[in-house]
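Before any comments, here is the structure.
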Number of protein chains: 2
Amino acid sequence: MGYVDGKPGLRERKKQRTREAISEAAIALFLEQGFNQVSVAQVAEAAEVSKRTLFAYFPAKEDLVTHRLADHETEIARVVRARPPRSAPLPAVRDHFLRGLRERDPITGLNDVPEVRRLHRMILETPSLVARMQRFKAGAESALAQALRETADAPELTARLAAVQIVAVHWALAQDNAARLAYGEKADARCAGALADARFAFELLENGLRDLGAPR
Amino acid sequence: MGYVDGKPGLRERKKQRTREAISEAAIALFLEQGFNQVSVAQVAEAAEVSKRTLFAYFPAKEDLVTHRLADHETEIARVVRARPPRSAPLPAVRDHFLRGLRERDPITGLNDVPEVRRLHRMILETPSLVARMQRFKAGAESALAQALRETADAPELTARLAAVQIVAVHWALAQDNAARLAYGEKADARCAGALADARFAFELLENGLRDLGAPR
DNA sequence: GAGCAAATGTATACCAGGTGCAGAATCAAC
DNA sequence: GTTGATTCTGCACCTGGTATACATTTGCTC
């Protein structure tokens, strides 16, 4: 275990390749036949690995799909930490999201590469996968709360409340985009609307719901 | 199937009693030994029912615990719909939550009746139950969004964004209370703080995160 | 490059949640 | 009662996931 310099070592590389092979075999099968229609035994067979080994790499069937998004769990928190000193966190998150939209980052939901689109659709239609995504959402919330506590000098409660609001809005926007694209809309056509929606959403977040349904 | 007037009929009454019996047996066992330590077969046996029948009443093991909270899924939406005409939705939700706190409504997390407290604790400590609760949260979001669309004259996007923010804050507050009580704090001691926290949270929701981490 | 310990992989058997099915028991209406 | 529809039951079965015990590979050391 452990390598000090550059070379990851044959063992590590092989593990990584096995992991990739399993994941790719799994996603290909799932996209073809549906998540619930494919058993882990079939995935293991397709990846030429024993069932036990599969579970050594991915602790649950859902992880075969969601592990790719695990990195994004702390993304918002990282953006907040990386912002210029003495600047507000919210614009940093907003700008990052807008950039993601323009670059068609899959995490924004605005990516209609066929495989990505079908993957998003599959996730949306599979309750257990949606549940797994919610776990990431919860992780993103606490990571962001911690980042806000440490870098924005926000007290515990404020940090947590701000975090849940920001993450909730972030996800609502992404999910809206993903849902539209999953059922046919084109990313390029949706982009302008997505940008406008995002700007509006972050304004709402900044200004609060004061004007909501009030007798104007 | 179906009864027109008063009498529910013997069959319906019996079904209801069976349902109660299963649920009570389940919760008693779960509180005693832990959710994952008790199998559905044991629950079925304790309720003197076959496993197959148990699953006819509760489609999944988790529902044995969470079905009681299903009614609360649309509670916030109902509060919004029931508010006086031409008033803002947010104060209605806030006042309802504050009232819930004072009345120790379990949904606010501020209830330390031993059984409720242990139930909350069990849920918090069991990932699959937490996941099930998230589903209610999602249901609450869409119900609230619809209520806002229909009664606050809010456009689609605004309604959804407001809904996810409100529900997120609501849950954060309740979860904070539940977590504190689950590990020993007393409801009466926590009440003042919970009220203050809730008022602060709803102010934040109204006024937005403008002041968050900005160079004051 | 031979050999060894640690790490990985495999086969098998097993457990628990959940479903399909055929038939027994129950209920309600005539 | 008899009949017809529900409901309940026992059973076999599938799938996700784990424990055990054993074989294989790999990296390192001498």
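What you see is a predicted model, and the numbers here were worked out from it, not measured in a lab. Chain A is the first sequence line, chain B the second, and so forth, proteins listed ahead of strands; every chain is numbered from 1.
Residues meeting the side-chain contact (heavy atoms from CB on, under 4.5 Å) test with Ala46(A), sequence neighbours left out: Ala25(A), Leu29(A). Listed by chain and number, the residues in a side-chain hydrogen bond (donor to acceptor under 3.5 Å, both in side chains) with Arg94(A) amount to none (sequence neighbours excluded). Annotation: side-chain hydrogen bond (donor to acceptor under 3.5 Å, both in side chains) contacts of Arg81(B) (sequence neighbours excluded): Glu150(B). Annotation: side-chain hydrogen bond (donor to acceptor under 3.5 Å, both in side chains) contacts of Arg99(B) (sequence neighbours excluded): none. With sequence neighbours excluded, no residue satisfies side-chain hydrogen bond (donor to acceptor under 3.5 Å, both in side chains) with Arg149(B).
Here side chain to side chain donor-acceptor pair (under 3.5 Å) pairs that include residues 46-59 of chain B, with residues two or more places apart or in two chains, are Ser50(B)-Thr53(B). For residues 28-37 of chain B, no residue pair satisfies the side chain to side chain donor-acceptor pair (under 3.5 Å) rule, not counting sequence neighbours. Among residues at least two apart or in separate chains, side chain to side chain donor-acceptor pair (under 3.5 Å) pairs with a member in residues 111-123 of chain B are Arg121(B)-Glu125(B).
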Taking only distance into account, with no hydrogens and no angle test, what donor-acceptor pairs under 3.5 Å do side-chain atoms of residues 127-135 of chain B form with protein atoms, sequence neighbours excluded?
from      : atom 1 : to       : atom 2 : distance (Å)
Ser128(B) : OG     : Glu62(B) : OE2    : 3.3
Arg132(B) : NE     : Asp63(B) : OD1    : 3.3
Arg132(B) : NH2    : Asp63(B) : OD2    : 3.2

Could you write out each protein N or O paired with an N or O of nucleotides 3-5 of chain D at a distance under 3.5 Å?
none

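Among the atoms of the strands shown, none is found under 4.0 Å from any heavy atom of Val43(B).
Listed in residue order, the members of residues 46-56 of chain B having a heavy atom less than 4.0 Å from DNA chain D are Val49(B), Ser50(B), Arg52(B), Thr53(B). The stretch residues 129-138 of chain A has no heavy atom under 4.0 Å from DNA chain D, so no residue of it qualifies as close.
Using a cutoff of 4.0 Å between basic side-chain nitrogens and carboxylate oxygens, Asp197(A) and Arg190(A) are scored as salt-bridged.
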